[in-house]
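Just below is one structure, and these are the notes that go with it.
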2 protein chains.
Amino acid sequence: MSDLAVNEFDRQEVAASPVEKFREYLATQGKRLTQERETIVREIFAEHEHFDSDQIVARLTQPRRDGGRVSRATIYRTISSLEEAGLIRKVARSNDREVYEHDYGYPQHDHFICEKCQQLVEFRNEEISAVLERVAADHGFRMSGHRLEVHGICAECAKPPSRRHRKLDMI
Amino acid sequence: MSDLAVNEFDRQEVAASPVEKFREYLATQGKRLTQERETIVREIFAEHEHFDSDQIVARLTQPRRDGGRVSRATIYRTISSLEEAGLIRKVARSNDREVYEHDYGYPQHDHFICEKCQQLVEFRNEEISAVLERVAADHGFRMSGHRLEVHGICAECAKPPSRRHRKLDMI
DNA sequence: ATGGATGCAAAGCGTTTGCATACAG
DNA sequence: CTGTATGCAAACGCTTTGCATCCAT
């Protein structure tokens, strides 16, 4: 028999597929892996991209050849479950929507958010977690995770006119 | 004549009151400091606490002795302006509401968010900004700020029963 | 079989906006 | 005076939910 909180800590074992992993989680909750839920998980894990609920709704809400139509309500409900299951997580908020990403079998990282083009860019840095781990400990805080958005202008948007000379910039 | 972007960088001078500071900002935008706006700023800066729009609405929406009643719409509009003015900033999202805090005359800091009691706890750590500054530079990203939420269980909520002896905790 | 799951449409909820009226400069 | 700002209520956009029907186990 497996322990209760086990699936919370066996991230090292990146073996089972997201669908399988989800089924396991559902089982522990007395819930079922339905066709709809499987369709949603497959769609979400088809590629490692940030996404929001509406994008998934857009893709699965209209009839598809494989008959995989899923309702908006079910998509919202399933995304919540996936979050509880630890398969995805909220990374930011953009345009009044929560933005999610895969949180299963993926290395820890954070994001830049460009204020001009709104694009999210991932970056990895182990120092950050280390510092946070230490600071949390200092405060008796039991850290379970963090959410870090670095705001500013991305490299692309930073060089705007691109055609004009830049000599007179700062007299 | 002052330059365009000047008020973006004179944070060092912590002299003017929030209201005065706001008036300055409004002036640069061809906007006016109305009674309502002043009431809102005073209310927000009355004490250094995190707040959300609804709390301010609750306090200013019902008639008050000083006749300072302000409508919900104006409060939302003013909070946006205060954010643009750099007087306040969003720090987190709690209960589906944006949580704000003072960002004028206050040292940089980040927050713990307790998953049990939902409370926000500030902490300061200069390493974090330093690391981010460096990482951003490495990516050609022009950082303007960041938003960091550290999630977990606060010291208070971590020691639950509190009345029971703790000898048998871990056989 | 049968309790959980889906789909639909309606409700929720924080936030925004159109418009007529009311002031700050 | 005149262009802004306010207040009200209706509109919005994302998300949640009630309920009848459906299906995984």
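We name chains A, B, ... by the order of the sequence lines, and we start the count at 1 in each one.
- Among the nucleotides C:dG7, C:dT15, C:dA24, the one closest to any side-chain atom of B:Q35 is C:dA24.
- With B:T61 contributing its side chain and B:A58 its backbone, the two residues share no donor-acceptor pair below 3.5 Å.
- Straight-line distance from the CD atom of B:E98 to the C1' atom of C:dC13: 14 Å, rounded to whole Å.
- Atom CG in A:N95 sits roughly 12 Å away from atom C1' in D:dC14 (whole-Å rounding).
- Residues B:R93 and B:T34 both approach DNA chain C. Their nearest nucleotides, taken by heavy-atom distance, put B:R93 toward the 5′ side.
- Among the protein residues, A:R97 comes within range of the sugar-phosphate backbone only, with heavy atoms under 4.0 Å from sugar or phosphate atoms but none that close to a base.
- To the nearest angstrom, P of D:dC23 lies 12 Å from CZ of A:R32.
- In this structure, CG of A:L60 is placed 13 Å from P of C:dT6, rounded to the nearest angstrom.
- Taking 4.0 angstrom as the limit, B:S71 places none of its side-chain polar atoms (N or O) nearer than this to OP1 or OP2 of D:dC8.
- Phosphate contact (OP1/OP2 of D:dT15, side-chain N/O of A:Y76, threshold under 4.0 Å): present.
- When atom types are taken as modelled, the side chain of A:T78 and the backbone of A:I75 share no donor-acceptor pair closer than 3.5 angstrom.
- The backbone N or O of B:Q119 lies less than 3.5 Å from no partner atom in the side chain of B:H50, so there is not a single donor-acceptor pair.
- Between the side chain of B:N95 and the backbone N or O of B:R97 there is no donor-acceptor pair closer than 3.5 Å.
- One hydrophobic cluster, built from ILVMFWY side chains closer than 4.5 Å, cannot hold both A:V99 and A:V121; they sit in different ones.
- Whole-Å rounding puts the B:D52 CG to C:dG14 P distance at 9 Å.
- Projected onto DNA chain C by closest heavy-atom contact, B:A73 and B:K31 fall at different nucleotides, the more 5' of which corresponds to B:A73.
- Between the side chain of B:R77 and the base of D:dG7 there is at least one donor-acceptor pair of N/O atoms closer than 3.5 Å.
- Per the geometry, CG belonging to B:L33 stands 7 Å off P belonging to C:dG25, to the nearest Å.
- Note: CZ (B:R69) to P (D:dT6) measures 13 Å, nearest angstrom.
- Across the protein-nucleic acid pair, A:R72 atom CZ and C:dC8 atom P stand 11 Å apart, rounded to whole Å.
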